[in-house]
Amino acid sequence: MLELQRIRKQKDTIIERLAVKNFDAKNIVEEILALDNERRHLQKQLDDTLSETNGLSKTIGQLFKEGKRNQAGEIKSHSAALKARSKTMSYKFDEIVKKLRSILIELPNVPHPSVPKGVSEADNEIIFEEGELPALPDNALPHWELARKYQIIDFDLGSKVTGAGFPFYRGKGARLQRALINFFLDEAVAAGYLEYQPPLLINADSGFGTGQLPDKEGQMYYVGEDKLYLIPTAEVPITNIYRNVILGEDDFPVKNVAYSSCFRREAGSYGKDVRGLNRLHQFDKVEIVQIQHPEHSYETLDEMKDYVASLLRKLELPFRILRLCGGDLSFTSALTFDFEVFSGAQKRWLEVSSVSNFESYQANRMKLRFKNKAGKTQPTHTLNGSALALPRIVAALLENNQCDKGISIPQALRIYTGFDLIA
RNA sequence: GGAGAGAUGGGUGAGUGGCUGAAACCACCGGUUUGCUAAACCGGCGUACCUGUCAAAAGGUACCGGGGGUUCGAAUCCCCCUCUCUCCGCCA
(Lines give C-alpha, C1' and ligand atoms only; values in the text may rest on other atoms or scores of the structure.)
Protein backbone atom coordinates (compact mmCIF):
# COMPACT_ATOMS: atom_id res chain seq x y z
CA MET A 1 0.00 0.00 0.00
CA LEU A 2 1.38 3.37 -0.96
CA GLU A 3 1.55 6.09 1.63
CA LEU A 4 -1.20 8.64 1.32
CA GLN A 5 1.23 11.49 1.84
CA ARG A 6 3.27 10.29 -1.07
CA ILE A 7 0.22 10.16 -3.31
CA ARG A 8 -0.62 13.72 -2.30
CA LYS A 9 2.86 14.97 -3.02
CA GLN A 10 3.89 12.95 -6.05
CA LYS A 11 0.66 12.29 -7.81
CA ASP A 12 1.99 12.85 -11.33
CA THR A 13 5.16 10.85 -10.85
CA ILE A 14 3.18 7.95 -9.49
CA ILE A 15 0.76 7.94 -12.42
CA GLU A 16 3.66 8.19 -14.85
CA ARG A 17 5.62 5.35 -13.28
CA LEU A 18 2.65 3.06 -12.90
CA ALA A 19 2.18 3.32 -16.64
CA VAL A 20 5.36 1.24 -16.84
CA LYS A 21 3.37 -1.48 -15.09
CA ASN A 22 0.66 -0.94 -17.68
CA PHE A 23 -1.55 0.34 -14.94
CA ASP A 24 -3.65 3.37 -15.64
CA ALA A 25 -3.66 5.06 -12.25
CA LYS A 26 -5.11 8.42 -13.20
CA ASN A 27 -8.71 7.86 -12.17
CA ILE A 28 -7.94 5.83 -9.11
CA VAL A 29 -5.46 8.40 -7.85
CA GLU A 30 -7.95 11.19 -8.38
CA GLU A 31 -10.54 9.23 -6.50
CA ILE A 32 -8.14 8.59 -3.65
CA LEU A 33 -7.29 12.25 -3.36
CA ALA A 34 -10.95 13.26 -3.45
CA LEU A 35 -11.83 10.76 -0.74
CA ASP A 36 -8.85 11.88 1.27
CA ASN A 37 -10.05 15.46 1.16
CA GLU A 38 -13.50 14.43 2.18
CA ARG A 39 -12.11 12.37 4.98
CA ARG A 40 -10.05 15.23 6.38
CA HIS A 41 -12.95 17.60 6.18
CA LEU A 42 -15.20 15.15 7.99
CA GLN A 43 -12.64 14.44 10.64
CA LYS A 44 -12.27 18.10 11.43
CA GLN A 45 -16.05 18.41 11.87
CA LEU A 46 -16.29 15.27 13.89
CA ASP A 47 -13.36 16.14 16.13
CA ASP A 48 -14.76 19.57 16.81
CA THR A 49 -18.13 18.13 17.77
CA LEU A 50 -16.56 15.53 20.03
CA SER A 51 -14.42 18.21 21.59
CA GLU A 52 -17.51 20.24 22.39
CA THR A 53 -19.23 17.22 23.89
CA ASN A 54 -16.21 16.45 26.02
CA GLY A 55 -16.22 19.99 27.32
CA LEU A 56 -19.87 19.76 28.23
CA SER A 57 -19.39 16.48 30.02
CA LYS A 58 -16.71 18.04 32.14
CA THR A 59 -19.00 20.90 33.02
CA ILE A 60 -21.75 18.49 33.98
CA GLY A 61 -19.42 16.64 36.28
CA GLN A 62 -18.43 19.91 37.88
CA LEU A 63 -22.04 21.03 38.32
CA PHE A 64 -22.97 17.71 39.88
CA LYS A 65 -20.22 18.14 42.39
CA GLU A 66 -21.52 21.56 43.27
CA GLY A 67 -25.02 20.18 43.63
CA LYS A 68 -26.44 22.25 40.76
CA ARG A 69 -28.51 19.43 39.35
CA ASN A 70 -30.97 21.55 37.42
CA GLN A 71 -28.30 23.34 35.46
CA ALA A 72 -26.62 20.06 34.75
CA GLY A 73 -29.84 18.63 33.39
CA GLU A 74 -30.11 21.43 30.85
CA ILE A 75 -26.64 20.86 29.52
CA LYS A 76 -27.27 17.16 29.45
CA SER A 77 -29.98 17.45 26.86
CA HIS A 78 -27.78 19.66 24.72
CA SER A 79 -24.98 17.19 25.04
CA ALA A 80 -27.22 14.32 24.07
CA ALA A 81 -28.20 16.16 20.90
CA LEU A 82 -24.56 16.74 20.05
CA LYS A 83 -23.87 13.12 20.59
CA ALA A 84 -26.53 12.06 18.14
CA ARG A 85 -24.99 14.36 15.59
CA SER A 86 -21.48 13.04 16.10
CA LYS A 87 -22.77 9.51 15.75
CA THR A 88 -24.07 10.23 12.27
CA MET A 89 -20.85 11.94 11.35
CA SER A 90 -18.75 9.15 12.71
CA TYR A 91 -20.71 6.62 10.69
CA LYS A 92 -20.13 8.62 7.55
CA PHE A 93 -16.48 9.05 8.43
CA ASP A 94 -15.99 5.31 8.87
CA GLU A 95 -17.59 4.66 5.52
CA ILE A 96 -15.19 7.06 3.81
CA VAL A 97 -12.18 5.61 5.56
CA LYS A 98 -13.17 2.10 4.60
CA LYS A 99 -13.73 3.08 1.02
CA LEU A 100 -10.47 4.98 0.88
CA ARG A 101 -8.57 2.01 2.18
CA SER A 102 -10.19 -0.44 -0.17
CA ILE A 103 -9.25 1.75 -3.13
CA LEU A 104 -5.80 2.40 -1.77
CA ILE A 105 -4.96 -1.28 -1.73
CA GLU A 106 -5.96 -1.58 -5.35
CA LEU A 107 -3.06 0.63 -6.30
CA PRO A 108 0.05 -1.43 -7.06
CA ASN A 109 3.54 -0.52 -5.96
CA VAL A 110 5.35 2.04 -8.05
CA PRO A 111 8.16 0.50 -10.12
CA HIS A 112 11.74 1.62 -9.70
CA PRO A 113 13.04 3.94 -12.46
CA SER A 114 15.24 1.16 -13.83
CA VAL A 115 12.25 -1.07 -14.60
CA PRO A 116 11.80 -1.38 -18.35
CA LYS A 117 8.40 -1.00 -19.92
CA GLY A 118 6.93 -4.20 -21.24
CA VAL A 119 3.87 -6.36 -21.29
CA SER A 120 5.08 -9.91 -20.71
CA GLU A 121 8.05 -12.01 -19.73
CA ALA A 122 9.31 -11.66 -23.27
CA ASP A 123 10.18 -8.07 -22.43
CA ASN A 124 12.29 -8.87 -19.39
CA GLU A 125 15.81 -7.62 -19.66
CA ILE A 126 18.65 -10.14 -19.40
CA ILE A 127 21.29 -8.34 -17.39
CA PHE A 128 23.71 -11.15 -16.63
CA GLU A 129 24.54 -14.61 -17.83
CA GLU A 130 27.09 -17.06 -16.49
CA GLY A 131 28.18 -20.63 -17.04
CA GLU A 132 28.34 -22.83 -20.07
CA LEU A 133 25.22 -24.48 -21.36
CA PRO A 134 25.65 -28.24 -21.06
CA ALA A 135 26.38 -30.12 -24.28
CA LEU A 136 24.14 -33.13 -23.81
CA PRO A 137 23.76 -35.96 -26.30
CA ASP A 138 20.57 -36.13 -28.35
CA ASN A 139 19.21 -38.96 -26.26
CA ALA A 140 19.46 -36.95 -23.03
CA LEU A 141 16.43 -37.47 -20.84
CA PRO A 142 14.20 -34.84 -19.27
CA HIS A 143 14.20 -34.95 -15.48
CA TRP A 144 10.83 -36.67 -15.17
CA GLU A 145 12.20 -39.60 -17.10
CA LEU A 146 15.43 -39.60 -15.14
CA ALA A 147 13.35 -39.53 -11.98
CA ARG A 148 11.56 -42.66 -13.12
CA LYS A 149 14.71 -44.36 -14.37
CA TYR A 150 16.54 -43.98 -11.07
CA GLN A 151 13.37 -44.21 -8.97
CA ILE A 152 14.08 -41.04 -7.07
CA ILE A 153 10.85 -39.11 -7.60
CA ASP A 154 7.43 -40.72 -7.99
CA PHE A 155 4.82 -38.48 -9.53
CA ASP A 156 2.21 -41.19 -10.01
CA LEU A 157 2.35 -42.17 -6.39
CA GLY A 158 1.76 -38.54 -5.47
CA SER A 159 -1.27 -38.48 -7.71
CA LYS A 160 -2.62 -41.58 -6.05
CA VAL A 161 -2.16 -40.36 -2.51
CA THR A 162 -2.92 -36.70 -2.95
CA GLY A 163 -3.23 -35.43 -6.49
CA ALA A 164 -1.19 -34.09 -9.37
CA GLY A 165 1.61 -31.80 -8.31
CA PHE A 166 2.37 -33.56 -5.04
CA PRO A 167 5.27 -35.87 -5.79
CA PHE A 168 7.01 -38.34 -3.52
CA TYR A 169 10.78 -38.10 -3.29
CA ARG A 170 12.40 -41.42 -2.67
CA GLY A 171 15.79 -42.82 -1.69
CA LYS A 172 18.57 -40.66 -3.08
CA GLY A 173 15.93 -38.27 -4.38
CA ALA A 174 14.69 -37.64 -0.86
CA ARG A 175 18.24 -37.37 0.38
CA LEU A 176 19.04 -34.86 -2.34
CA GLN A 177 16.14 -32.70 -1.15
CA ARG A 178 17.41 -32.79 2.39
CA ALA A 179 20.94 -32.04 1.22
CA LEU A 180 19.83 -28.98 -0.73
CA ILE A 181 17.80 -27.63 2.16
CA ASN A 182 20.74 -27.99 4.53
CA PHE A 183 23.15 -26.54 2.01
CA PHE A 184 20.98 -23.49 1.44
CA LEU A 185 20.37 -22.93 5.14
CA ASP A 186 24.03 -23.30 6.05
CA GLU A 187 25.06 -20.89 3.34
CA ALA A 188 22.51 -18.32 4.49
CA VAL A 189 23.51 -18.57 8.13
CA ALA A 190 27.14 -18.14 7.09
CA ALA A 191 26.07 -15.00 5.21
CA GLY A 192 24.60 -13.56 8.39
CA TYR A 193 20.98 -14.60 8.19
CA LEU A 194 19.09 -15.74 11.28
CA GLU A 195 17.43 -19.09 10.78
CA TYR A 196 13.75 -19.49 11.49
CA GLN A 197 11.34 -22.36 11.25
CA PRO A 198 7.97 -20.76 10.63
CA PRO A 199 4.41 -22.02 10.91
CA LEU A 200 3.10 -23.40 7.64
CA LEU A 201 -0.36 -21.98 8.18
CA ILE A 202 -1.15 -18.32 8.60
CA ASN A 203 -4.16 -16.23 9.49
CA ALA A 204 -5.89 -13.68 7.28
CA ASP A 205 -4.12 -10.71 8.86
CA SER A 206 -0.76 -12.12 7.82
CA GLY A 207 -2.00 -12.88 4.34
CA PHE A 208 -3.06 -9.31 4.08
CA GLY A 209 0.20 -7.97 5.48
CA THR A 210 2.35 -9.33 2.68
CA GLY A 211 -0.24 -8.77 -0.02
CA GLN A 212 -1.50 -12.28 -0.75
CA LEU A 213 -4.90 -11.12 0.40
CA PRO A 214 -7.20 -10.00 -0.88
CA ASP A 215 -6.07 -10.10 -4.50
CA LYS A 216 -4.41 -13.52 -4.63
CA GLU A 217 -6.76 -15.35 -2.33
CA GLY A 218 -7.46 -18.09 -4.88
CA GLN A 219 -3.79 -19.03 -5.03
CA MET A 220 -3.65 -20.22 -1.45
CA TYR A 221 -5.08 -23.36 0.07
CA TYR A 222 -7.62 -22.43 2.69
CA VAL A 223 -8.45 -24.45 5.76
CA GLY A 224 -11.95 -23.18 6.34
CA GLU A 225 -12.55 -25.06 9.55
CA ASP A 226 -9.94 -22.93 11.29
CA LYS A 227 -9.84 -19.96 8.93
CA LEU A 228 -6.17 -20.48 8.13
CA TYR A 229 -4.21 -20.46 4.89
CA LEU A 230 -1.33 -22.69 3.89
CA ILE A 231 1.66 -20.53 3.15
CA PRO A 232 2.60 -20.06 -0.51
CA THR A 233 6.09 -19.05 0.65
CA ALA A 234 7.95 -18.57 3.93
CA GLU A 235 8.03 -14.89 3.07
CA VAL A 236 4.55 -14.60 4.55
CA PRO A 237 5.19 -15.80 8.12
CA ILE A 238 8.73 -14.43 8.23
CA THR A 239 7.85 -10.93 7.10
CA ASN A 240 4.75 -10.88 9.28
CA ILE A 241 6.90 -11.36 12.36
CA TYR A 242 7.32 -7.62 12.04
CA ARG A 243 3.70 -6.68 11.50
CA ASN A 244 2.84 -3.76 13.80
CA VAL A 245 6.41 -3.44 14.95
CA ILE A 246 8.50 -0.32 15.40
CA LEU A 247 12.22 -0.96 15.00
CA GLY A 248 15.16 1.23 15.97
CA GLU A 249 17.77 2.39 13.46
CA ASP A 250 20.23 0.04 15.14
CA ASP A 251 18.16 -2.97 14.20
CA PHE A 252 19.02 -2.68 10.52
CA PRO A 253 19.58 -4.77 8.61
CA VAL A 254 17.26 -7.52 9.79
CA LYS A 255 18.30 -10.67 7.95
CA ASN A 256 16.17 -13.77 8.27
CA VAL A 257 16.14 -17.08 6.48
CA ALA A 258 13.66 -19.89 6.61
CA TYR A 259 13.12 -23.20 4.97
CA SER A 260 9.54 -24.22 4.43
CA SER A 261 7.30 -26.26 2.27
CA CYS A 262 5.22 -24.00 0.05
CA PHE A 263 1.69 -24.63 -1.11
CA ARG A 264 0.17 -23.15 -4.20
CA ARG A 265 -3.07 -24.00 -5.88
CA GLU A 266 -1.78 -22.78 -9.25
CA ALA A 267 -5.31 -22.57 -10.52
CA GLY A 268 -5.34 -22.18 -14.26
CA SER A 269 -1.90 -23.66 -14.94
CA TYR A 270 -1.65 -26.36 -17.54
CA GLY A 271 0.37 -27.68 -20.46
CA LYS A 272 4.01 -28.50 -21.00
CA ASP A 273 5.20 -25.87 -18.54
CA VAL A 274 3.87 -27.86 -15.67
CA ARG A 275 5.45 -31.22 -16.39
CA GLY A 276 7.52 -33.00 -13.83
CA LEU A 277 9.03 -30.65 -11.30
CA ASN A 278 8.43 -27.54 -13.34
CA ARG A 279 5.33 -26.55 -11.42
CA LEU A 280 4.06 -28.18 -8.23
CA HIS A 281 1.35 -27.60 -5.67
CA GLN A 282 3.74 -28.39 -2.86
CA PHE A 283 7.43 -27.68 -3.02
CA ASP A 284 10.36 -26.79 -0.82
CA LYS A 285 12.05 -23.47 -0.69
CA VAL A 286 14.57 -21.57 1.37
CA GLU A 287 13.65 -17.93 1.54
CA ILE A 288 15.72 -14.95 2.63
CA VAL A 289 14.04 -11.82 3.97
CA GLN A 290 15.64 -8.52 4.84
CA ILE A 291 14.28 -5.43 6.49
CA GLN A 292 16.31 -2.38 5.75
CA HIS A 293 16.54 1.36 6.13
CA PRO A 294 14.97 3.03 3.08
CA GLU A 295 18.26 4.67 2.18
CA HIS A 296 20.07 1.36 1.93
CA SER A 297 17.52 -1.02 0.48
CA TYR A 298 18.92 -1.00 -3.03
CA GLU A 299 22.41 -1.83 -1.84
CA THR A 300 20.77 -4.67 0.02
CA LEU A 301 18.97 -5.80 -3.09
CA ASP A 302 22.32 -6.02 -4.87
CA GLU A 303 23.80 -7.91 -1.96
CA MET A 304 20.96 -10.43 -2.08
CA LYS A 305 21.33 -10.74 -5.83
CA ASP A 306 25.02 -11.49 -5.46
CA TYR A 307 24.26 -13.97 -2.74
CA VAL A 308 21.81 -15.94 -4.88
CA ALA A 309 24.29 -15.92 -7.74
CA SER A 310 26.92 -17.39 -5.42
CA LEU A 311 24.64 -20.33 -4.64
CA LEU A 312 24.07 -21.14 -8.29
CA ARG A 313 27.77 -20.86 -8.94
CA LYS A 314 28.49 -23.37 -6.20
CA LEU A 315 25.91 -25.71 -7.70
CA GLU A 316 27.70 -25.30 -11.05
CA LEU A 317 24.51 -24.44 -12.85
CA PRO A 318 24.45 -22.09 -15.84
CA PHE A 319 22.20 -19.20 -14.94
CA ARG A 320 21.07 -15.80 -16.02
CA ILE A 321 19.59 -12.83 -14.25
CA LEU A 322 16.64 -10.91 -15.59
CA ARG A 323 15.37 -7.52 -14.66
CA LEU A 324 11.62 -7.88 -14.78
CA CYS A 325 9.73 -5.50 -17.01
CA GLY A 326 6.76 -3.55 -15.76
CA GLY A 327 4.25 -6.03 -17.09
CA ASP A 328 5.86 -9.00 -15.36
CA LEU A 329 6.55 -7.24 -12.08
CA SER A 330 4.36 -8.35 -9.22
CA PHE A 331 1.70 -6.11 -7.73
CA THR A 332 3.73 -5.36 -4.61
CA SER A 333 7.25 -5.16 -6.02
CA ALA A 334 9.22 -2.07 -7.02
CA LEU A 335 12.10 -3.95 -8.60
CA THR A 336 12.58 -7.68 -9.13
CA PHE A 337 15.43 -9.76 -10.44
CA ASP A 338 14.57 -13.26 -11.56
CA PHE A 339 17.16 -15.99 -11.66
CA GLU A 340 16.85 -18.71 -14.24
CA VAL A 341 18.89 -21.86 -14.61
CA PHE A 342 19.25 -23.72 -17.86
CA SER A 343 17.82 -27.18 -17.81
CA GLY A 344 19.77 -29.05 -20.47
CA ALA A 345 17.38 -31.73 -21.66
CA GLN A 346 14.25 -29.61 -21.70
CA LYS A 347 16.46 -26.92 -23.25
CA ARG A 348 14.61 -24.34 -21.19
CA TRP A 349 15.43 -21.62 -18.74
CA LEU A 350 13.66 -22.27 -15.44
CA GLU A 351 12.96 -19.63 -12.86
CA VAL A 352 14.51 -20.63 -9.54
CA SER A 353 14.59 -17.36 -7.66
CA SER A 354 12.97 -14.02 -7.56
CA VAL A 355 14.65 -11.28 -5.56
CA SER A 356 12.60 -8.19 -4.90
CA ASN A 357 12.61 -4.86 -3.19
CA PHE A 358 9.14 -3.91 -2.04
CA GLU A 359 10.34 -0.59 -0.70
CA SER A 360 7.77 0.59 1.83
CA TYR A 361 4.79 -1.03 0.13
CA GLN A 362 4.52 -4.10 2.36
CA ALA A 363 5.82 -2.26 5.41
CA ASN A 364 3.20 0.42 5.15
CA ARG A 365 0.53 -2.18 4.69
CA MET A 366 1.56 -4.12 7.77
CA LYS A 367 2.63 -1.11 9.84
CA LEU A 368 6.28 -2.11 10.01
CA ARG A 369 8.11 1.06 10.91
CA PHE A 370 11.24 2.40 12.49
CA LYS A 371 12.08 5.48 14.48
CA ASN A 372 14.40 7.61 12.40
CA LYS A 373 17.10 9.93 13.68
CA ALA A 374 14.66 12.80 13.88
CA GLY A 375 12.55 10.67 16.20
CA LYS A 376 9.75 10.16 13.71
CA THR A 377 8.35 6.81 12.76
CA GLN A 378 8.35 5.88 9.10
CA PRO A 379 7.87 2.64 7.19
CA THR A 380 10.94 0.49 6.60
CA HIS A 381 11.78 -1.20 3.34
CA THR A 382 11.31 -4.94 2.95
CA LEU A 383 13.07 -7.30 0.57
CA ASN A 384 13.02 -10.97 -0.06
CA GLY A 385 14.28 -13.63 -2.36
CA SER A 386 14.30 -17.34 -2.90
CA ALA A 387 17.59 -18.91 -2.01
CA LEU A 388 16.53 -21.17 -3.50
CA ALA A 389 13.41 -22.99 -4.68
CA LEU A 390 14.22 -26.67 -4.88
CA PRO A 391 12.22 -28.38 -7.63
CA ARG A 392 13.63 -26.61 -10.64
CA ILE A 393 17.12 -26.72 -9.19
CA VAL A 394 16.66 -30.47 -8.94
CA ALA A 395 15.34 -30.59 -12.49
CA ALA A 396 18.40 -28.79 -13.81
CA LEU A 397 20.83 -30.81 -11.68
CA LEU A 398 19.36 -34.08 -12.90
CA GLU A 399 19.23 -33.10 -16.53
CA ASN A 400 22.56 -31.29 -16.79
CA ASN A 401 24.57 -33.82 -14.83
CA GLN A 402 23.31 -36.98 -16.46
CA CYS A 403 25.96 -39.22 -17.98
CA ASP A 404 26.40 -42.90 -18.83
CA LYS A 405 27.12 -43.86 -15.24
CA GLY A 406 24.19 -41.97 -13.75
CA ILE A 407 23.73 -38.47 -12.39
CA SER A 408 26.71 -36.85 -10.77
CA ILE A 409 26.33 -34.57 -7.77
CA PRO A 410 28.11 -31.20 -7.75
CA GLN A 411 31.11 -31.00 -5.46
CA ALA A 412 29.58 -28.51 -3.03
CA LEU A 413 26.65 -30.81 -2.32
CA ARG A 414 28.52 -34.03 -1.75
CA ILE A 415 29.18 -33.49 1.92
CA TYR A 416 25.45 -33.05 2.30
CA THR A 417 24.29 -35.96 0.14
CA GLY A 418 26.95 -38.39 1.22
CA PHE A 419 27.12 -39.78 -2.34
CA ASP A 420 28.65 -38.57 -5.61
CA LEU A 421 26.37 -40.30 -8.01
CA ILE A 422 22.76 -41.26 -8.44
CA ALA A 423 22.78 -44.55 -10.32
C1' G B 1 -12.74 -30.94 24.34
C1' G B 2 -14.37 -29.53 29.95
C1' A B 3 -13.67 -26.02 34.36
C1' G B 4 -11.58 -21.61 36.25
C1' A B 5 -8.48 -17.01 36.08
C1' G B 6 -6.73 -13.08 33.32
C1' A B 7 -5.39 -9.32 29.10
C1' U B 8 -3.42 -1.63 31.22
C1' G B 9 2.36 2.23 28.00
C1' G B 10 9.35 -1.07 26.30
C1' G B 11 8.91 -4.14 31.29
C1' U B 12 6.71 -4.83 36.38
C1' G B 13 2.21 -2.99 38.03
C1' A B 14 -1.76 0.71 40.35
C1' G B 15 -6.32 2.12 38.91
C1' U B 16 -13.92 -0.25 39.56
C1' G B 17 -17.92 5.80 36.49
C1' G B 18 -15.83 12.38 35.82
C1' C B 19 -9.82 16.01 38.26
C1' U B 20 -6.67 9.17 34.28
C1' G B 21 -3.36 9.27 28.15
C1' A B 22 -3.32 6.83 32.48
C1' A B 23 0.18 6.51 39.56
C1' A B 24 4.66 4.25 41.10
C1' C B 25 8.96 1.61 40.00
C1' C B 26 12.41 -0.37 36.31
C1' A B 27 14.48 0.29 31.54
C1' C B 28 15.74 4.15 28.02
C1' C B 29 17.29 9.33 26.45
C1' G B 30 19.16 14.42 27.86
C1' G B 31 21.33 17.44 31.75
C1' U B 32 23.80 18.63 36.61
C1' U B 33 27.47 16.70 39.75
C1' U B 34 32.10 13.84 39.01
C1' G B 35 39.93 11.68 38.21
C1' C B 36 37.08 7.31 35.55
C1' U B 37 33.01 4.13 36.45
C1' A B 38 29.07 4.07 39.74
C1' A B 39 25.67 6.68 42.75
C1' A B 40 22.62 10.93 43.56
C1' C B 41 19.57 14.80 41.70
C1' C B 42 16.68 17.38 37.68
C1' G B 43 14.08 16.88 33.09
C1' G B 44 12.16 13.95 29.08
C1' C B 45 10.05 9.39 27.60
C1' G B 46 3.42 5.77 23.41
C1' U B 47 0.77 5.50 18.59
C1' A B 48 -2.37 7.33 14.70
C1' C B 49 -5.08 11.01 12.37
C1' C B 50 -6.73 16.22 11.96
C1' U B 51 -5.95 21.69 12.45
C1' G B 52 -1.74 24.82 12.17
C1' U B 53 3.28 26.05 9.99
C1' C B 54 8.30 27.08 5.07
C1' A B 55 9.35 24.11 9.17
C1' A B 56 8.11 24.23 14.13
C1' A B 57 5.57 25.64 18.42
C1' A B 58 0.71 24.96 19.89
C1' G B 59 -4.09 22.78 19.82
C1' G B 60 -8.00 18.89 18.80
C1' U B 61 -9.71 13.71 18.41
C1' A B 62 -9.11 8.54 19.07
C1' C B 63 -6.65 4.40 21.33
C1' C B 64 -5.88 0.64 28.42
C1' G B 65 -6.50 -7.36 23.75
C1' G B 66 -10.55 -6.69 19.36
C1' G B 67 -15.73 -5.41 18.27
C1' G B 68 -20.48 -3.65 19.98
C1' G B 69 -23.68 -1.51 23.98
C1' U B 70 -25.28 1.48 28.58
C1' U B 71 -24.26 6.73 30.18
C1' C B 72 -24.08 13.78 29.61
C1' G B 73 -19.32 11.12 30.74
C1' A B 74 -16.16 4.28 30.48
C1' A B 75 -9.52 1.55 31.37
C1' U B 76 -13.56 1.17 35.09
C1' C B 77 -20.51 -1.33 34.01
C1' C B 78 -23.00 -4.97 30.18
C1' C B 79 -22.69 -8.35 25.66
C1' C B 80 -19.81 -10.97 21.82
C1' C B 81 -15.01 -12.50 19.96
C1' U B 82 -9.73 -13.48 20.24
C1' C B 83 -5.59 -14.69 22.94
C1' U B 84 -2.79 -16.14 27.44
C1' C B 85 -2.33 -18.84 32.06
C1' U B 86 -3.86 -22.93 35.65
C1' C B 87 -6.32 -27.71 36.38
C1' C B 88 -8.63 -32.09 33.94
C1' G B 89 -9.08 -35.06 29.41
C1' C B 90 -6.69 -36.47 24.76
C1' C B 91 -2.13 -36.75 22.11
C1' A B 92 3.10 -36.43 18.34
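Counting to the nearest Å, the P atom of B:G68 and the OH atom of A:Y91 are 12 Å from each other. Straight-line distance from the NZ atom of A:K87 to the C1' atom of B:G68: 10 Å, rounded to whole Å. Here the P atom of nucleotide B:U47 and the CG atom of A:L368 are 15 Å apart, to the nearest Å. Distance, A:D94 CG to B:C63 C1': 14 Å, rounded to whole Å. Rounded to an integer number of Å, the gap from A:L42 CG to B:C49 C1' is 13 Å. Between A:N364 atom CG and B:A48 atom P the separation is 11 Å, expressed in whole Å. Taking atom CG of residue A:N54 and atom C1' of nucleotide B:G18, one finds them 11 Å apart after rounding to whole Å. We find that NZ of A:K367 is positioned 9 Å from P of B:C49, with the value rounded to whole Å.
Inspection of the A:S206 and A:R243 side chains reveals an N or O donor paired with an N or O acceptor under 3.5 Å.
For A:S51, a side-chain nitrogen or oxygen approaches OP1 or OP2 of B:U61 to under 4.0 Å. Side-chain N/O atoms of A:R39 include one lying less than 4.0 angstrom from OP1 or OP2 on B:C50. Contact annotation: A:K371 reaches the phosphate of B:U47 (side-chain N/O to OP1 or OP2, under 4.0 Å). Distances shown here put every side-chain N or O of A:R369 at or beyond 4.0 Å from the OP1 or OP2 atom of B:U47.
Here B:C72 is the nucleotide among B:C50, B:U47, B:C72 with the atom lying nearest to any side-chain atom of A:F64. Distance from the side chain of A:K44 is smallest for B:U51 among the nucleotides B:U51, B:C72, B:C49. Listed nucleotides: B:G69, B:C50, B:G60. Nearest to the side chain of A:D47: B:G60. Between B:U61, B:G18, B:A48, one nucleotide has an atom nearer to the side chain of A:L50 than all others, and that is B:U61. Side-chain proximity of A:T377 to the nucleotides B:C49, B:G73, B:A48 is greatest for B:A48.
By the 30° and 60° cut-offs, the orientation of the rings of A:Y361 relative to A:F331 is perpendicular. Classification of the A:H281-A:Y221 ring pair by plane angle, with boundaries at 30° and 60°, yields perpendicular.
Pairing for B:C54 is absent, judged as Watson-Crick or G-U wobble with the two contacts each under 3.5 Å. With both pairing distances under 3.5 Å, B:G21 is matched to nothing as a Watson-Crick or G-U wobble pair. Remark: B:A74 base-pairs with no nucleotide in the shown strands. Criterion, Watson-Crick or G-U wobble with two distances under 3.5 Å. For B:G9, there is no paired base (Watson-Crick or G-U wobble, both distances below 3.5 Å). Base pairing analysis places B:A14 opposite nothing; no Watson-Crick or G-U wobble pair with both distances below 3.5 Å involves it. If you check B:G43 for Watson-Crick or wobble pairing at under 3.5 angstrom, you find it paired to B:C29. Base pairing annotation: B:G65 forms a Watson-Crick or G-U wobble pair with B:C81, both donor-acceptor distances under 3.5 Å. Remark: B:G89 base-pairs with no nucleotide in the shown strands. Criterion, Watson-Crick or G-U wobble with two distances under 3.5 Å.
A distance of about 34 Å separates the C1' atoms of B:G73 and B:G4, rounded to the whole Å. Nucleotides B:U71 and B:G59 place their C1' atoms 28 Å apart, quoted to the nearest Å. Separating the P atom of B:U20 from that of B:U37 is a span of 40 Å, rounded to the nearest Å. Between B:A48 and B:G43, the distance separating the two P atoms is 27 Å to the nearest Å. Only the P atoms considered, B:G65 is 15 Å distant from B:U16, to the nearest whole Å. B:C88 and B:U8 have their C1' atoms separated by 31 Å, with the value rounded to a whole Å. A gap of 16 Å separates the C1' atoms of B:A23 and B:C45, to the nearest Å. Taking the P atoms as reference points, B:G46 lies 14 Å from B:A24, given to the whole Å.
Taking 4.5 Å as the limit, some side-chain heavy atom of A:K26 sits within range of a side-chain heavy atom of A:E30.
Sequence order on RNA chain B of the closest nucleotides to A:S79 and A:Q378 puts A:Q378 first from the 5' end. Map A:K58 and A:Q43 each onto its nearest nucleotide of RNA chain B; the residue landing nearer the 5' end is A:K58.
Using modelled atom types, no side-chain atom of A:Q282 and backbone atom of A:F166 make a donor-acceptor pair closer than 3.5 Å.
Across all strands, A:K83 comes closer than 4.0 Å to base atoms (heavy-atom distances). Contact annotation for A:S57: base contact, defined as any heavy-atom pair under 4.0 Å involving a base atom.
Counted within 6.0 Å of NZ on A:K58, heavy atoms from surrounding residues, nucleotides or ligands total 12 or fewer; the atom is thus considered open.
Relative to the six-membered ring of A:F419, A:K172 meets both conditions, a distance below 6.0 Å and an angle of at most 45° to the axis.
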Report the C-alpha separation of A:D48 and A:K44 in whole Å, then their side-chain angles, then the decisive distance to 0.1 Å, and conclude whether the salt bridge (Lys or Arg N to Asp or Glu O under 4.0 Å) test is met.
CA-CA 6 Å; A:D48 287 348; A:K44 177 74 180 130; 3.3 Å; yes

